[in-house]
Protein chains: 2
Amino acid sequence: MSDHTHKHLSEDALELVAERFKVLSEPLRLRLLNALMDGEKSVSELVEETGSLQANVSKHLGLLLDAGVVARRKEGLRSYYRIADKTVFELCDMVCGSLHDRLAADLEHLSGDRSSSPHRR
Amino acid sequence: MSDHTHKHLSEDALELVAERFKVLSEPLRLRLLNALMDGEKSVSELVEETGSLQANVSKHLGLLLDAGVVARRKEGLRSYYRIADKTVFELCDMVCGSLHDRLAADLEHLSGDRSSSPHRR
DNA sequence: ACGCTAAATTGCTATTTCGTCAAACGGTAG
DNA sequence: CTACCGTTTGACGAAATAGCAATTTAGCGT
């Protein structure tokens with residue numbers, strides 16, 4: 001494990017980073033990105049894969065497009081979307097790892113330690 | 001550039017990942033994490049650094065606590081918060097890098113190429 | 001021109017979430 | 001105990017957002 005020293009971010013940068021996280025904070029959008037891991041797909045394909053209505057899928061794809069996370073290619077009647085920013089997968093993987101660690105730690109605490117995490121109310 | 005192949009995530013995992021991203025999608029919460037980079041701090045210190053009202057800071061800290069991103073230590077009248085999940089900084093750094101790249105690319109396009117990103121309506 | 005189809009957009013309702021104020025809680029000191 | 005202080009919590013109004021239904025836009029074929 002490296003002890004990277006991370007830089008403080010400016011107020012403006014923070015705002016932009018928050019916005020990017022917000023784009024990734026909706027399950028349907030993550031499902032769409034997940035589906036696009038296999039490669040470019042049309043809206044109808046994505047509709048079928050996600051089981052959501054077309055209007056919803058279109059709207060969320062539009063958001064992802066504006067954010068620069070995906071790119072669009074129009075061909076005839078169809079629009080094909082693909083991943084434009086591959087870092088999203090690394091982000092997801094990193095979060096997954098972090099969640100795994102946390103779960104594992106919580107399990108440890110279940111064996112005899114009652115003092116920490118789940119914030120009792 | 002490595003061509004990592006990333007795993008597809010389960011429906012449930014996606015939901016959890018989305019929730020984690022949501023926690024990180026608020027500017028004030030990122031400001032709090034940013035302030036905690038220097039180490040453990042009390043609520044009042046964080047109130048002063050962020051310029052937000054105390055009730056607000058407390059509420060957001062509570063969210064970060066529930067999410068396991070920060071940890072709390074109570075001493076006398078005060079509560080001291082610290083980072084519990086260091087991956088948040090790597091996540092932010094990664095997003096920053098990605099945004100930087102995107103901005104650079106957009107600047108390129110300004111010199112003579114009118115076809116791509118900002119989604120004209 | 002017309003109809004058919006894929007995608008994008010609009011209007012609406014319901015839910016969520018932020019920020020603020022006010023009150024409650026928990027320690028500490030006089 | 002009472003008064004005070006730092007923190008947490010509850011309630012309220014305002015703004016944002018997801019989902020659904022209906023409409024519009026745009027390409028293709030007849």
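All values below were derived from every heavy atom in this structure, side-chain atoms included, with hydrogens, water molecules and symmetry-related copies excluded. Order of the sequence lines sets the chain letters (A, B, ...), proteins ahead of strands, with each chain counted from 1.
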Which nucleotide in dA6(C), dT7(D), dC20(D) has an atom nearest any side-chain atom of Val43(B) = dT7(D)

Who passes side chain to side chain donor-acceptor pair (under 3.5 Å) against Ser58(B), sequence neighbours left out?
-> none

Quick one: closest heavy-atom pair of Val70(B) and Leu61(B), and the distance?
-> CG2-O, 4.1 Å

For dA8(C), take OP1 and OP2 only and decide whether either is under 4.0 Å from a side-chain N or O of Arg72(A).
-> yes

From dA18(D), dT8(D), dC21(C), pick the nucleotide closest to the side chain of Arg29(A)?
-> dA18(D)

Are OP1 or OP2 of dA6(C) and a side-chain N or O of Ser79(A) less than 4.0 angstrom apart?
-> no

Atom-to-atom span, NZ of Lys59(B) to C1' of dT17(C) - whole angstrom | 9 Å

Are Asn56(B) and dC18(C) close enough that a side-chain N or O sits under 4.0 Å from OP1 or OP2?
-> no

Quick one: is dT17(C) close enough that its OP1 or OP2 comes under 4.0 Å of any side-chain N or O from Lys22(B)?
-> yes

Considering only NZ, NE, NH1 and NH2 on the basic side and carboxylate oxygens on the acidic side, decide whether Arg20(B) and Asp85(B) come within less than 4.0 Å.
-> yes

Is the distance from OP1 or OP2 of dA8(C) to the nearest side-chain N or O of Tyr81(A) less than 4.0 Å?
-> yes

side-chain hydrogen bond (donor to acceptor under 3.5 Å, both in side chains) between Glu90(B) and Thr87(B), intermediate numbers included | CA-CA 5 Å; Glu90(B) 305 184 38; Thr87(B) 69; over 6 Å; no

Name the nucleic acid region contacted by Gln54(A), choosing base, sugar-phosphate or nothing; use a 4.0 angstrom heavy-atom cut-off, strictly under.
-> base

Establish, with yes or no, whether the OP1 or OP2 oxygen of dA7(C) is under 4.0 angstrom from a side-chain nitrogen or oxygen of Ser44(A).
-> yes

Distance check: side-chain N/O of Arg78(A) vs OP1/OP2 of dC28(D), anything under 4.0 Å?
-> no

Distance check: side-chain N/O of His60(A) vs OP1/OP2 of dT17(D), anything under 4.0 Å?
-> no

Could you check whether Ser52(B) gets within reach of a base, just the sugar-phosphate, or nothing at all, counting any heavy atom under 4.0 Å?
-> nothing

